[in-house]
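Whatever order the structure lists ligands and atoms in, that order sets their numbers, starting from 1. Each residue takes its place number in the sequence, starting with 1.
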Amino acid sequence: MEKIKNFINGQYHDPISKEWLDNYCPATGAIYGSIPNSSKADVENAYIAAQSAFPNWSTTSLEERSRLLIKISELIEVNLERLSEAESKDNGKPVNLARRIDIPRAASNFRFFGNAITQFSSESHESIGHDAINYTLRQPLGVVGCISPWNLPLYLFTWKIVPALAAGNCVIAKPSEITPMTAYLLGDICNEAGLPPGVLNVVHGLGTTTGQAIIEHPDIKAISFTGGTKTGAHIAKVAAPMFKKLSLELGGKNPNIIFGDCDYETMLDTTLRSSFSNQGQICLCGSRIFVEASIYDRFKADFVTKVKHLRVGHPSQEDSDIGALVSEAHLEKVMGYIKMAAKENGKILCGGHRVTVKDYEKGYYLEPTVIEISSNDCTINQEEVFGPVVTIMPFNSEDEVVRMANSVKYGLSATLWTNDLKRTMRMSHQLEAGIVWVNTWMMRDLRTPFGGTKSSGVGREGGFEALRFFTEPKNVCIKY
Ligand code: NAD
């Protein structure tokens, strides 16, 4: 049994309350470890460590901060195999996905922000005619809180903590209680790299216990949160009276819009990925597929054939396309949506059932599922399912598909398949989303702003946007 501990002031600690939670392996359904359910007292200890580390860290030179972050990036790469296996075991994702995407991206996050901080500059404005000059300081906020979800555990955990650290803040971070393992392993890596104690503190536990203690802490200056829309709304409510700075990256219900003039084979392969990568548990997955009527029947036949060929299997097997969903409760929730879609006249074209994988009968496996629907208003097209389930429906005109794409409360990403430049330009303006991909999906350049509109969030991460979030601009006006 693996016992995870809190990482506070550079050392591993049991929770003060001695309260532990079970950690499940989604592939087998078995408990394989325990994690602390940290209380306010643990968060307070983390705060004291972070607050004590802040004066030195915030005045450490940019070159030295950069060097340390890049060193951590290198050590993540050295530990690629170990971290990939840990991520796969904890989350249920295929190990080959963790090895190709999750862990390399965590290393990239450290390298990218380690470099970006040395390029981050502030502005100056000369007030001509008034003999004055204004310049803007970009000061770190102090101690900040970072809270992340279970779907891309180390990838998103580091996407939050690294810009905070690069900008000179000290961090109290909480990974999801469902996938705590790689954030736990990161503590040793930070120590090996020489990150000073207290600069990064990782506390584990339930959102309602540990997460709540972080967001309620009066001296934690900002919360960077990625997770569900409901949790985001709760955090906003708790944080508002304390005027905490907030970055909220929330749920999505993204349209994948396919026109007849697209590059068909590329679209088909990418649509398979954008539908089912990570068991469909990516906030950016295109779960509502709208297909121009002229190619609808062809697409439906080809897509369903490809989906039927996807292999559901144990995540440690290299040929598994689809691993296990993250938890029993989540599996039941996703299956509930499939049943509801069928009740609302959705036609299940393939999938829809739990899969029994030999030797791992208690694992949380589900067939990749395609549902044909006739109205965008049905529940499955309005609510985030966050599983290997997509809907398809035809459309007849650009206006009609834009209306349907925008007729949801979410606005995270949209994907558009067309070779018509004018249409691309028009629709990129019209689609209500923080990110529009045209003829591709999930191509990420870490310099670009990332985030959602409407109920998909507030604020942007990525590049200098993240460094701006984690710093306070202060204007200094000097009359000479
Ligand atoms: P969740 O909201 O249940 O939990 C996210 C994190 O918040 C966890 O660490 C959890 O412990 C914590 N939390 C829960 N209640 C809390 C509280 N009261 N106070 C403080 N923290 C609390 O989300 P989840 O189920 O872990 O993740 C799935 C969701 O995340 C989906 O909606 C998905 O779309 C979203 N997501 C969004 C993005 C994005 O970039 N927009 C990326 C990945 C996932």
Side-chain angles (χ1 to χ4, degrees), residues 21 23 35-38 40 43 90-91 93 101-102 105 109 145-161 172-180 182-183 202-217 220 223-239 244 246-254 277-287 325-327 329-331 333-334 337 383-387 408-413 433-435 442 444 448-462 465-466:
L21 306 166
N23 193 20
I35 74 161
N37 191 17
S38 306
K40 265 188 173 178
V43 171
D90 214 21
N91 171 279
K93 68 176 69 211
I101 309 282
D102 293 76
R105 174 57 190 275
N109 289 339
C146 297
I147 300 177
S148 53
W150 50 257
N151 65 321
L152 302 168
L154 195 65
Y155 176 133
L156 288 175
F157 185 79
T158 54
W159 182 234
K160 306 198 147 305
I161 63 168
I172 301 176
K174 190 193 93 59
S176 169
E177 60 275 24
I178 306 174
T179 53
T182 44
V202 184
V203 283
H204 296 271
L206 294 174
T208 46
T209 315
T210 319
Q212 188 70 21
I214 295 173
I215 61 173
E216 280 178 351
H217 196 292
I220 293 179
I223 302 289
S224 174
F225 170 79
T226 298
T229 294
K230 211 169 143 200
T231 316
H234 170 75
I235 291 174
K237 213 166 157 185
V238 172
K244 284 184 197 299
L246 286 186
S247 168
L248 302 173
E249 300 292 342
L250 310 177
K253 190 73 202 174
N254 312 305
S277 288
N278 206 39
Q279 296 71 247
Q281 303 167 142
I282 302 181
C283 55
L284 303 164
C285 278
S287 55
L325 269 66
V326 77
S327 69
H330 188 58
L331 174 70
K333 181 181 148 195
V334 174
Y337 274 113
E383 296 185 12
E384 188 183 40
V385 176
F386 218 54
V408 280
K409 69 176 183 175
Y410 297 104
L412 188 55
S413 72
I435 305 142
M442 216 170 155
R444 294 280 297 117
T448 59
F450 178 90
T453 62
K454 299 167 29 181
S455 296
S456 291
V458 177
R460 290 293 181 271
E461 299 185 323
E465 298 283 346

Open item on the list: Is atom 18 (N) of ligand 1 near the protein, in the sense that some protein heavy atom lies at less than 4.0 Å from it?
Closed with: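 For atom 18 (N) of ligand 1 the answer is yes, since some protein heavy atom falls inside 4.0 Å.
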Would you mind running through ligand 1 and noting each atom that sits below 4.0 Å from a heavy atom of [X]?
X: Phe450; result: 40 (O)
X: Glu177; result: 10 (C), 11 (O)
X: Ile215; result: 19 (N)
X: Pro175; result: 9 (O)
X: Leu412; result: 41 (N)
X: Ile147; result: 6 (C), 7 (O), 9 (O), 12 (C), 20 (C), 21 (N)
X: His234; result: 18 (N)
X: Asn151; result: 43 (C), 44 (C)

Task: Steps toward side chain to side chain donor-acceptor pair (under 3.5 Å) verdict (Glu384, Tyr410) - done: CA-CA 9 Å; Glu384 188 183 40; Tyr410 297 104; 4.7 Å; no
- [ ] Flag the pair Lys160 and Glu461 as a salt bridge only when some basic side-chain nitrogen lies within less than 4.0 angstrom of an acidic carboxylate oxygen.
- [x]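 Between Glu461 and Lys160 there is a salt bridge, with a charged N closer than 4.0 Å to a carboxylate O.
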- [ ] Check whether any side-chain heavy atom of Leu152 sits under 4.5 Å from a side-chain heavy atom of Trp159, and report yes or no.
- [x]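 SC-SC contact between Leu152 and Trp159 ruled out.
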So, regarding [X] and ligand 1 (criterion: nitrogen or oxygen to nitrogen or oxygen, under 3.5 Å), is there a contact or not?
X: Gly228; value: yes
X: Phe386; value: no
X: Gln212; value: yes
X: Lys174; value: yes
X: Thr231; value: yes

Could you check whether any side-chain N or O of [X] sits under 3.5 Å from a backbone N or O of [Y], counting only pairs where one atom can act as donor and the other as acceptor?
X: Thr210; Y: Gly207; answer: no
X: Thr229; Y: Ser455; answer: yes
X: Asn151; Y: Gln281; answer: yes
X: Lys244; Y: Ala236; answer: no
X: Ser287; Y: Lys253; answer: no
X: Asn278; Y: Gly280; answer: no
X: Thr231; Y: Gly227; answer: no

Starting from [atom], locate the nearest protein heavy atom and write down its residue, its atom name and how far away it is, to 0.1 Å.
atom: atom 13 (N) of ligand 1; answer: Gly207 CA, 3.3 Å
atom: atom 7 (O) of ligand 1; answer: Phe225 CE1, 3.1 Å
atom: atom 34 (O) of ligand 1; answer: Glu384 OE2, 2.5 Å
atom: atom 37 (C) of ligand 1; answer: Leu250 O, 3.1 Å
atom: atom 39 (C) of ligand 1; answer: Cys283 SG, 3.4 Å
atom: atom 25 (O) of ligand 1; answer: Trp150 NE1, 2.9 Å
atom: atom 8 (C) of ligand 1; answer: Ser148 O, 3.4 Å
atom: atom 20 (C) of ligand 1; answer: Gly211 C, 3.2 Å

Open item on the list: Using a 6.0 Å cut-off, check whether atom NZ of Lys454 has over 12 heavy atoms from anything other than its own residue.
Closed with: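 More than 12 heavy atoms, drawn from other residues, nucleotides or ligands, come within 6.0 Å of this atom.
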- [ ] Just let me know how Leu156 lines up against ligand 1, side chain, backbone, both or neither, with a heavy-atom cut-off below 4.0 Å.
- [x]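 Side chain only; the backbone of Leu156 stays clear of ligand 1.
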Open item on the list: If the test is side chain to side chain contact (heavy atoms under 4.5 Å, CB included), which one of Leu412, Ile435, Leu248 qualifies with Ser456?
Closed with: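 The single option meeting the side chain to side chain contact (heavy atoms under 4.5 Å, CB included) with Ser456 is Leu412.
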Task: For atom 29 (C) of ligand 1, the option (of Gly227, Cys146, Pro149) bearing the nearest heavy atom - done: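 Going through Gly227, Cys146, Pro149 one by one, Gly227 has the nearest heavy atom to atom 29 (C) of ligand 1.
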Open item on the list: So for Gly457, does at least one of its heavy atoms come nearer than 4.0 angstrom to any atom of ligand 1?
Closed with: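 No.
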Task: Within-shell test, Ser176 vs ligand 1, heavy atom, strictly < 4.0 Å - done: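 Yes.
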TODO: Step through it carefully: locate the ring centre of Trp150, locate the ring centre of Phe157, and say whether they are under 6.0 Å apart.
DONE: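 For Trp150 and Phe157, the ring centres are not under 6.0 Å apart.
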Open item on the list: Restricting to non-hydrogen atoms, name the atom on Glu249 and the atom on Gly459 that form the minimum distance, rounded to 0.1 Å.
Closed with: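 Where Glu249 meets Gly459 most closely, the heavy atoms are OE2-O, 3.7 Å.
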Open item on the list: Distance alone, cut at 3.5 Å: any donor-acceptor contact between the side chains of Asn23 and Asp90?
Closed with: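 Asp90 and Asn23 do have a side-chain donor-acceptor pair below 3.5 Å.
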